[in-house]
**Q** 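Have a look at this one.
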Amino acid sequence: MDHGVRDEGRAGRNVGRLAGWAAWWLGACMAWGAEYRGWWVDAFRPGMKSASEVAQLVENARRANVNTLVVQVRRRGDAYYESALEPKATDVTPATLDPLAELLRLAHDTTGGKPRLDVHAWIVTYNIWNRQTNLPTQPMHPFRVRPGWLTQDASGALWDGSNYAFDPGHPEVQDHTVAVALDLVSRYAVDGLHLDYIRYNGSQWGYNPVAVERFLKRTGRSTRPAPTDLSWKQFRRDEVTALVRRVYLAATRARPLLRVSAATITFAPGISATSQWPSSAAFGEVLQDWRGWMEEGLIDVNMPMAYFRQGANGADWSAWSTFAKNHGYGRHVALGVATYLNTPMDSLVQLRSTRARTSLGGGADGMVLYSYASPANDGTSIGAWADALRLGLAGDGLPPLFASPDVVPSMPWKHAPKTGHVLGRLPGADGVPVTLSRAGQRTLRTDGNGWFGAVGLEPGEARVTATWSGERWVGLARVTAGAVAEPRWWRAGADDDGDGVGNEEELLCGTDPGVAADRPRWGVAMAGGRLRLALPTAPGGREFVVWSADTMGPGAAWREVRRVATSPGMRGVDVDVDVSPGSGAAGFFRVEARWGP
């Protein structure tokens, strides 16, 4: 993981305990409610490789009054669970053990009054192997069977000094990663899915030939871009975001209450203002637009890895904490604290500050500690650290951080949703704009596999349109609160069911373009100088315009005589036209169906 790889500070003494801190902390503590109290549990060290480690992990979490375990179940293309797609990790003992299943059994057991522990399945997204010369021993390890998916740097190198990684710009990589995530969350009752290394390892990476060819085709260029090329950077940034969006929507469709989170980059120097975001390493160097993800609603919990020594880099910690708190956009923020870089006392300074609000009113929803295996930089054991969290630290003089158990915060956008989402696919379309119409318009873009999506739509009918492969395409989806709808695409000008009515006209009139027996059927009646046209299938959000002409044929002069709009929620439309002498409406009539404004 990014954890521990980049150290932005140096060991130093605690400089954060200022006069008045105790009084502030007592007030903040009394006012605090539900919060995330998490441990990152990596798979490189003891934690969940055996049943005894799993039992000890759960015991230590309850001992500390921690309520969330973010456990690494996909380390480098291997699994600490029974994966249908990737091999079991070789250090699971015995090999028949399912560590994740065992953890879920113990963590979710509340018999005898035991507090329930949330379990978030942590998957390393793109990094796939971390040995430069030794191959994985498992024959079906993805590193062995998919060498064509590896990313390259601008010079053609594959090894970045620590890892080999799959390329976000390769469509098959994206498909495989989504499949791994969905296989996991659909077969295990995990409370969350946690995305790590969901980024490039630097702006010089991303030169897999398939990715470069896609970029050149999309932009119409003929020469390979430089790492600093702004369009090339944005292309790669969009590839990462497209995976986050697809995983979020697909996972939410499978498990509507699942908490999707990401471990996000906060390299020094720290920033605190929105205007500084484009200059940050997250956005500009590793091409991870996590601020944008939060604004779009693509993750439920942001877990920024604000890993700084309090003594040497407390200002960076403070700046990034402020930025993250002020950019929650209605989602959750659980700040990551590097206990491995700090003494317990310095860690407590940072952990307590997560409960403070910014001058703009921004706040965090909890904290996540990295890591379970490295509780401090001074040799403090995990048991002693758990006791310090629950009972207090000798010489601290302040109330314990986790004096009693606490629950995780609810997610109003999922537990009491008011909006829904769309996830769709236009097969074969790469980088094609899609217009989504629902209470306004949004312009989306397909990824390398044709997928597109949108979060936070008002319930009701959503229309998607696109021009691709020389044809105009149109589709509809019924958006419901808390659910993910998938549009069904049709070629607008075709008549797929051969009933004599075009696909788009059938969608306008509320019938199925794929069923010949289901076609628009207008009722026509004439009485008392009035013409009545009725269409029982007409849905809301349409306009029906009646035209009249004295003659038929190419030279006919059609004039509008009546316009009726259908409102959302109604089914069917009646069009009443005055055809009495002097009305101006006579002869021949036709009805035109249109999408409503």
Side-chain angles (χ1 to χ4, degrees), residues 1-3 32-41 61 66-73 107 116-125 181 184-185 189-199 240-241 243-252 254-266 282 288-307 320-321 323-337 351 354-355 362-372 406-417 421 455-456 482:
M1 193 174 188
D2 287 311
H3 305 305
W32 201 254
E35 66 180 358
Y36 295 97
R37 300 173 176 179
W39 259 330
W40 272 299
V41 184
V66 161
N67 61 20
T68 302
L69 295 173
V70 185
V71 293
Q72 193 174 50
V73 298
R116 186 185 189 278
L117 303 175
D118 272 20
V119 175
H120 292 215
W122 157 13
I123 64 172
V124 171
T125 308
L184 174 58
V185 303
V190 293
D191 303 286
L193 175 68
H194 184 62
L195 305 175
D196 183 27
Y197 273 106
I198 183 74
R199 61 178 182 86
V240 177
T241 296
L243 180 68
V244 176
R245 183 183 298 112
R246 185 177 164 197
V247 167
Y248 182 79
L249 289 168
T252 298
R255 298 271 308 281
L257 299 182
L258 187 76
R259 298 173 190 260
V260 180
S261 64
T264 57
I265 290 298
T266 60
Q288 182 190 74
D289 186 13
W290 61 255
R291 189 212 60 80
W293 303 348
M294 295 297 285
E295 185 175 21
E296 191 177 339
L298 300 185
I299 53 177
D300 299 311
V301 192
N302 182 23
M303 298 184 180
M305 296 175 291
Y307 296 162
W320 273 118
S321 298
F323 185 89
K325 290 175 182 179
N326 287 339
H327 293 83
Y329 298 102
R331 294 294 195 259
H332 286 162
V333 175
L335 286 161
V337 174
L351 291 165
T354 66
R355 291 172 172 168
D365 303 277
M367 59 208 82
V368 190
L369 287 62
Y370 188 79
S371 72
Y372 172 73
D406 203 354
V407 296
V408 298
S410 72
M411 301 180 291
W413 60 94
K414 284 191 168 180
H415 291 114
H421 323 293
V455 172

**Q** Distance check, rounded to the nearest 0.5 Å: Met303 atom CE versus Thr266 atom OG1?
**A**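 The CE atom of Met303 sits 14.0 Å away from the OG1 atom of Thr266.
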**Q** Assess the residue pair Asn67 and Asp118 against the criterion (side chain to side chain contact (heavy atoms under 4.5 Å, CB included)); give the C-alpha distance rounded to whole Å, side-chain angles, the decisive distance to 0.1 Å, and a yes or no.
**A** CA-CA 6 Å; Asn67 61 20; Asp118 272 20; over 6 Å; no
**Q** Indicate yes or no: at least one non-hydrogen side-chain atom of Leu369 is less than 4.5 angstrom from one of Leu351.
**A**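 SC-SC contact between Leu369 and Leu351 confirmed.
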**Q** Could you verify whether a donor N or O on one side chain and an acceptor N or O on the other, from Thr264 and Asn302, lie under 3.5 Å apart?
**A** yes
**Q** Any idea which heavy atoms bring Ala263 and Ile198 closest together, and the distance?
**A**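 Result for this residue pair: O-CG2, 4.4 Å.
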**Q** If I compare all heavy atoms of Leu335 with all of Ala324, which pair ends up nearest, and what's the gap?
**A**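 So the minimum-distance heavy-atom pair works out to CD2-CB, 3.9 Å.
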**Q** Starting at OG1 of Thr68, measure out to CZ of Arg259 and round the result to the nearest 0.5 Å.
**A**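 Those atoms lie 7.5 Å apart.
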**Q** In Å and rounded to the nearest 0.5 Å, what is the OH to OG1 distance from Tyr248 to Thr241?
**A**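 Between Tyr248 OH and Thr241 OG1, I get 15.0 Å after rounding to 0.5 Å.
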**Q** Distance check, rounded to the nearest 0.5 Å: His327 atom NE2 versus Met294 atom CE?
**A** 10.5 Å
**Q** For a quick test of reading the model, state the closest non-hydrogen atom pair linking Ala181 to Ile123 and the distance between them.
**A**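 Scanning both residues completely, I find the closest heavy atoms to be CB-CD1, 4.3 Å.
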**Q** Determine, stepwise, if the pair Ile299 / Arg331 fulfils side chain to side chain contact (heavy atoms under 4.5 Å, CB included).
**A** CA-CA 8 Å; Ile299 53 177; Arg331 294 294 195 259; over 6 Å; no
**Q** Please find the pair of heavy atoms, one from Ala334 and one from Pro304, that lie closest to each other, and give the distance.
**A** O-CD, 3.5 Å
**Q** Any chance you could measure Thr354, atom OG1, to Tyr36, atom OH, to the nearest 0.5 Å?
**A**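 Spacing of OG1 (Thr354) from OH (Tyr36) equals 13.5 Å.
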**Q** Between the side chain of His421 and the main-chain N/O of Gly456, is any donor-acceptor distance below 3.5 Å?
**A**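 At least one qualifying donor-acceptor pair exists.
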**Q** So, for Arg37 and Val66, which heavy atoms are closest and what is the spacing to 0.1 Å?
**A**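 So the two residues come closest at O-CG1, 2.9 Å.
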**Q** Test ring pair (Phe, Tyr, Trp, His ring centres under 6.0 Å) on His332 and Trp413; report intermediate values, then the result.
**A** CA-CA 11 Å; His332 286 162; Trp413 60 94; 4.9 Å; yes
**Q** Can you list the residues that meet the side-chain contact (heavy atoms from CB on, under 4.5 Å) rule with Asn326, with sequence neighbours excluded?
**A**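 Thr322, Thr358, Leu360.
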**Q** Taking the side chain as C-beta and beyond, is there a heavy-atom pair between Val70 and Tyr370 under 4.5 Å?
**A** no
**Q** Taking the six-membered ring for Trp, are the ring centroids of Trp290 and Phe323 within less than 6.0 Å of each other?
**A** yes
**Q** Decide yes or no on side chain to side chain contact (heavy atoms under 4.5 Å, CB included) for Trp40 and Met305, but give the supporting numbers first.
**A** CA-CA 11 Å; Trp40 272 299; Met305 296 175 291; 4.2 Å; yes
**Q** Between CD of Gln72 and NE2 of His194, what distance do you get to the nearest 0.5 Å?
**A** 9.0 Å
**Q** Measure across Tyr197 and Thr125 and return the closest heavy-atom pair with its distance rounded to 0.1 Å.
**A** O-CB, 3.8 Å
**Q** Among all residues two or more places apart in sequence or in another chain, which pass the side-chain contact (heavy atoms from CB on, under 4.5 Å) test with Arg255?
**A** Val185, Val190, Leu258
**Q** Short question: side chain of Glu295, backbone of Tyr329 - any donor-acceptor pair under 3.5 Å?
**A**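 No.
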**Q** Decide side chain to side chain contact (heavy atoms under 4.5 Å, CB included) for Arg116 and Asp191; before the verdict, give the C-alpha distance in whole Å, the side-chain angles of both, and the deciding distance to 0.1 Å.
**A** CA-CA 11 Å; Arg116 186 185 189 278; Asp191 303 286; 2.9 Å; yes
**Q** Between Arg291 and Asp289, is there a side-chain heavy-atom distance shorter than 4.5 Å?
**A**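 Yes, their side chains come closer than 4.5 Å.
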